[in-house]
A.B. asks: 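The structure's right below; bear with me while I get my questions together.
Protein chains get the first letters and strands the later ones, always in sequence-line order, with residue 1 at the start of each.
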Number of protein chains: 2
Amino acid sequence: MAAKKALSSLSRRERQIMEVLYREGRATASEVLERLPDPPGYSAVRALLRILEDKGQVRHAADGNRYVYEPRLSRDRAGRPALAGVLETFFDGSAEKAVAALLDLSRHELTDADLDRLSDLIEQARLEGR
Amino acid sequence: MAAKKALSSLSRRERQIMEVLYREGRATASEVLERLPDPPGYSAVRALLRILEDKGQVRHAADGNRYVYEPRLSRDRAGRPALAGVLETFFDGSAEKAVAALLDLSRHELTDADLDRLSDLIEQARLEGR
DNA sequence: CATCCAGTGCTAAAAATTTAGCATATGCGA
DNA sequence: TCGCATATGCTAAATTTTTAGCACTGGATG
């Protein structure tokens with residue numbers, strides 16, 4: 001099914017719109033428009049949402065008299081391949097390198113409690129990985 | 001300068017080519033061609049490499065009688081924003097969620113030594129973060 | 001020598017993407 | 001009621017992207 005198709009095969013604008021939808025979880029066309037870099041007009045966004053729906057990447061639900069769009073594939077199901085792709089492309093597939101970069105990126109936001117949780121994740125992986 | 005421009009503003013094929021180049025570090029046009037999903041012809045790849053060079057994303061060096069292309073921005077300088085983007089788009093900006101997904105992705109490849117190194121990274125972050 | 005193969009520079013056409021605009025509908029406020 | 005703002009369905013044109021093809025070069029081979 002088309003919904004299984006990688007985000008990486010989408011065109012530039014399609015991809016930007018999918019990213020807005022994944023970030024927000026769901027959004028109306030006008031909300032998508034507000035959050036697009038270098039935004040086109042409203043009808044351009046709607047046309048692209050329709051295309052994405054035709055492609056099976058997006059679905060909409062009527063909310064009163066307007067449509068709310070959301071990705072058809074869950075965040076988890078889409079986020080993993082995206083993360084794996086970045087890992088492979090920029091980090092030699094190395095979790096260590098990626099975690100190092102992650103820690104660096106998040107440096108100013110991570111509390112001790114956060115770091116404890118990360119340590120716990122690693123311990124868990126250690127227990128489960130065998 | 002254009003080289004600072006985000007990979008996210010590239011078109012579909014341009015982006016695919018940049019990903020090949022980041023993955024391989026450097027490549028000739030024919031090597032890029034081999035590694036592209038749903039590859040076009042050789043001259044199509046060369047035309048796109050020239051466009052990417054015009055845009056400042058790529059440079060080439062003559063290697064004998066052929067050109068070897070590489071990204072102008074380093075892997076580190078390009079990989080961080082890419083990782084940050086995935087973090088924000090799919091993981092609410094949460095390092096914890098991303099690490100959990102990373103560990104899951106890498107589950108079958110991580111040795112105890114790898115996990116030790118990840119733990120060390122976290123300890124380092126703990127010491128440096130304050 | 002001629003031929004073949006792999007390469008480059010360049011162009012322009014084919015294809016895909018992006019965009020805006022029209023007709024229509026609905027809801028709200030004056 | 002009317003006017004305005006926001007919405008949808010739809011189309012097609014504008015724009016960008018992608019592609020292939022031509023002319024040429026250089027090296028290797030028979």
Side-chain angles (χ1 to χ4, degrees), chain A residues 2-3 5-72, chain B residues 2-3 5-72:
Chain A
K5 195 135 185 197
L7 291 177
S8 58
S9 66
L10 300 181
S11 69
R12 182 177 68 91
R13 242 341 163 201
E14 289 171 342
R15 189 187 182 107
Q16 286 173 344
I17 286 172
M18 289 310 301
E19 285 170 0
V20 169
L21 289 177
Y22 274 116
R23 202 151 57 232
E24 306 294 329
R26 65 184 60 229
T28 61
S30 67
E31 286 166 347
V32 170
L33 175 63
E34 282 165 17
R35 289 162 176 71
L36 281 177
D38 191 31
Y42 182 67
S43 58
V45 174
R46 288 184 305 110
L48 280 162
L49 283 165
R50 191 167 24 236
I51 287 162
L52 285 166
E53 190 152 11
D54 290 345
K55 287 186 174 182
Q57 296 278 355
V58 165
R59 68 192 155 194
H60 77 258
D63 176 29
N65 60 347
R66 59 190 190 166
Y67 289 175
V68 178
Y69 296 86
E70 63 184 16
R72 286 194 65 171
Chain B
K5 196 135 185 195
L7 291 177
S8 58
S9 67
L10 299 181
S11 68
R12 184 178 67 94
R13 241 343 161 198
E14 288 172 342
R15 188 184 182 110
Q16 285 173 344
I17 286 173
M18 289 310 299
E19 283 170 1
V20 170
L21 289 178
Y22 275 116
R23 204 152 54 231
E24 304 295 328
R26 65 184 59 229
T28 60
S30 66
E31 285 166 349
V32 169
L33 174 63
E34 282 165 16
R35 289 163 176 71
L36 281 178
D38 192 30
Y42 183 67
S43 60
V45 174
R46 288 185 301 110
L48 279 162
L49 283 165
R50 189 166 27 237
I51 286 162
L52 285 166
E53 190 153 11
D54 289 344
K55 286 186 175 183
Q57 296 277 356
V58 165
R59 68 192 158 198
H60 76 258
D63 176 27
N65 60 347
R66 59 187 189 169
Y67 289 175
V68 178
Y69 295 86
E70 64 183 15
R72 286 195 65 172

A.B. asks: In this structure, how many angstroms lie between the P atom of D:dT8 and the CG atom of A:Leu33, rounded?
C.D. replies: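 In whole Å, D:dT8 P lies 12 Å from A:Leu33 CG.
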A.B. asks: Side chains of B:Leu7 and B:Gln57: closer than 4.5 Å at any heavy-atom pair?
C.D. replies: yes
A.B. asks: Search all heavy atoms of B:Glu70 against all heavy atoms of B:Gly25 and return the closest pair with its distance.
C.D. replies: CB-O, 3.5 Å
A.B. asks: Can you check the A:Arg66 CZ to D:dA5 P distance for me, whole Å?
C.D. replies: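 These atoms are roughly 17 Å apart.
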A.B. asks: Report the C-alpha separation of A:Glu31 and A:Glu24 in whole Å, then their side-chain angles, then the decisive distance to 0.1 Å, and conclude whether the side chain to side chain contact (heavy atoms under 4.5 Å, CB included) test is met.
C.D. replies: CA-CA 9 Å; A:Glu31 286 166 347; A:Glu24 306 294 329; over 6 Å; no
A.B. asks: How many whole angstroms separate atom CD1 of A:Ile51 from atom C1' of D:dT8?
C.D. replies: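 Rounded to the whole Å, the gap is 16 Å.
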A.B. asks: Restricting to non-hydrogen atoms, name the atom on B:Ala29 and the atom on B:Val45 that form the minimum distance, rounded to 0.1 Å.
C.D. replies: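 Shortest heavy-atom separation between B:Ala29 and B:Val45 comes out as O-CG1, 3.7 Å.
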A.B. asks: Grab the two heavy atoms, one from A:Tyr42 and one from A:Ser30, that are nearest each other, plus how far apart they are.
C.D. replies: CE1-N, 3.7 Å
A.B. asks: Can you tell me the distance, in whole Å, between the CD atom of B:Glu34 and the C1' atom of C:dA6?
C.D. replies: 13 Å
A.B. asks: Enumerate the residues from residues 13-31 of chain B whose closest heavy atom to DNA chain D is under 4.0 Å, giving them by residue number; use none for an empty result.
C.D. replies: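 Hits under 4.0 Å, by residue number: B:Arg13, B:Glu14.
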A.B. asks: Taking the side chain as every heavy atom from C-beta outward, state whether A:Val58 and A:Met18 have any pair of such atoms under 4.5 Å apart.
C.D. replies: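 Touching, per the 4.5 Å side-chain cut-off.
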A.B. asks: Return the CG to CG distance between A:Asp54 and A:Leu48, rounded to the nearest 0.5 Å.
C.D. replies: 11.0 Å
A.B. asks: If I take atom CG in residue B:Leu10 and atom P in nucleotide D:dT18, what distance separates them, rounded to the nearest angstrom?
C.D. replies: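 Spelled out: CG on B:Leu10 to P on D:dT18 is 10 Å.
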A.B. asks: To the nearest Å, how far apart are A:Asp63 CG and D:dT8 P?
C.D. replies: 10 Å
A.B. asks: A:Arg12 near the nucleic acid: base, sugar-phosphate alone, or nothing, with a heavy-atom cut-off under 4.0 Å?
C.D. replies: sugar-phosphate
A.B. asks: Can you find a heavy atom in the side chain of A:Leu10 that is under 4.5 Å from one in the side chain of A:Leu52?
C.D. replies: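 Yes. Closest side-chain heavy atoms under 4.5 Å.
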A.B. asks: Is the distance from OP1 or OP2 of D:dT18 to the nearest side-chain N or O of B:Ser11 less than 4.0 Å?
C.D. replies: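 For D:dT18, OP1/OP2 do have a side-chain N/O of B:Ser11 under 4.0 Å.
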A.B. asks: Report yes if some heavy atom in the side chain of A:Glu53 is under 4.5 Å from a heavy atom in the side chain of A:Tyr69; otherwise report no.
C.D. replies: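 They are in contact (side-chain heavy atoms under 4.5 Å apart), so the answer is yes.
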A.B. asks: Taking DNA chain D as the partner, which of residues 38-49 of chain B come within under 4.0 angstrom of it by heavy atom?
C.D. replies: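 B:Pro40, B:Gly41, B:Ser43, B:Ala44, B:Arg46, B:Ala47, B:Leu48, in order of number.
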A.B. asks: Rounded off to whole Å, could you give me the OH-to-C1' distance for the B:Tyr67 and C:dA6 pair?
C.D. replies: 14 Å
